[in-house]
Amino acid sequence: MNVVREKHMTNMRASSADEAIRLVPVKAQNLEQAIEFIAEDEMVEVTPKSLRLRKKILQQNRRPKRWEKGGE
């Protein structure tokens, strides 16, 4: 680096910043598959148009911590 030379201002970004994140598509499940998939601290919400998997306690600060190996 030469402190005497001026830095050229360009409008180019690093190529690594433009990497796309690939998301896994949602897998449609029926009621039996959803019940088999959930953990003990989760529940299945059933509405006329959809099934949703969610935590029993929604506030993250009120959920019990999991200190076991592997995050389970």
Indicate the atoms forming the closest heavy-atom contact of [X] with [Y], along with that distance.
| X | Y | result |
| --- | --- | --- |
| Leu51 | Leu31 | CD1-N, 3.5 Å |
| Ala34 | Leu53 | CB-CD2, 3.7 Å |
| Met43 | Ile38 | CA-CD1, 4.3 Å |

- Task: If a pair satisfies side-chain hydrogen bond (donor to acceptor under 3.5 Å, both in side chains) and one of its residues is in residues 42-51, list it, with sequence neighbours excluded.
- Result: Glu45-Arg54, Thr47-Ser50
- Atom pair CZ/NZ of Phe37 and Lys27 - distance to nearest 0.5 Å: 8.0 Å
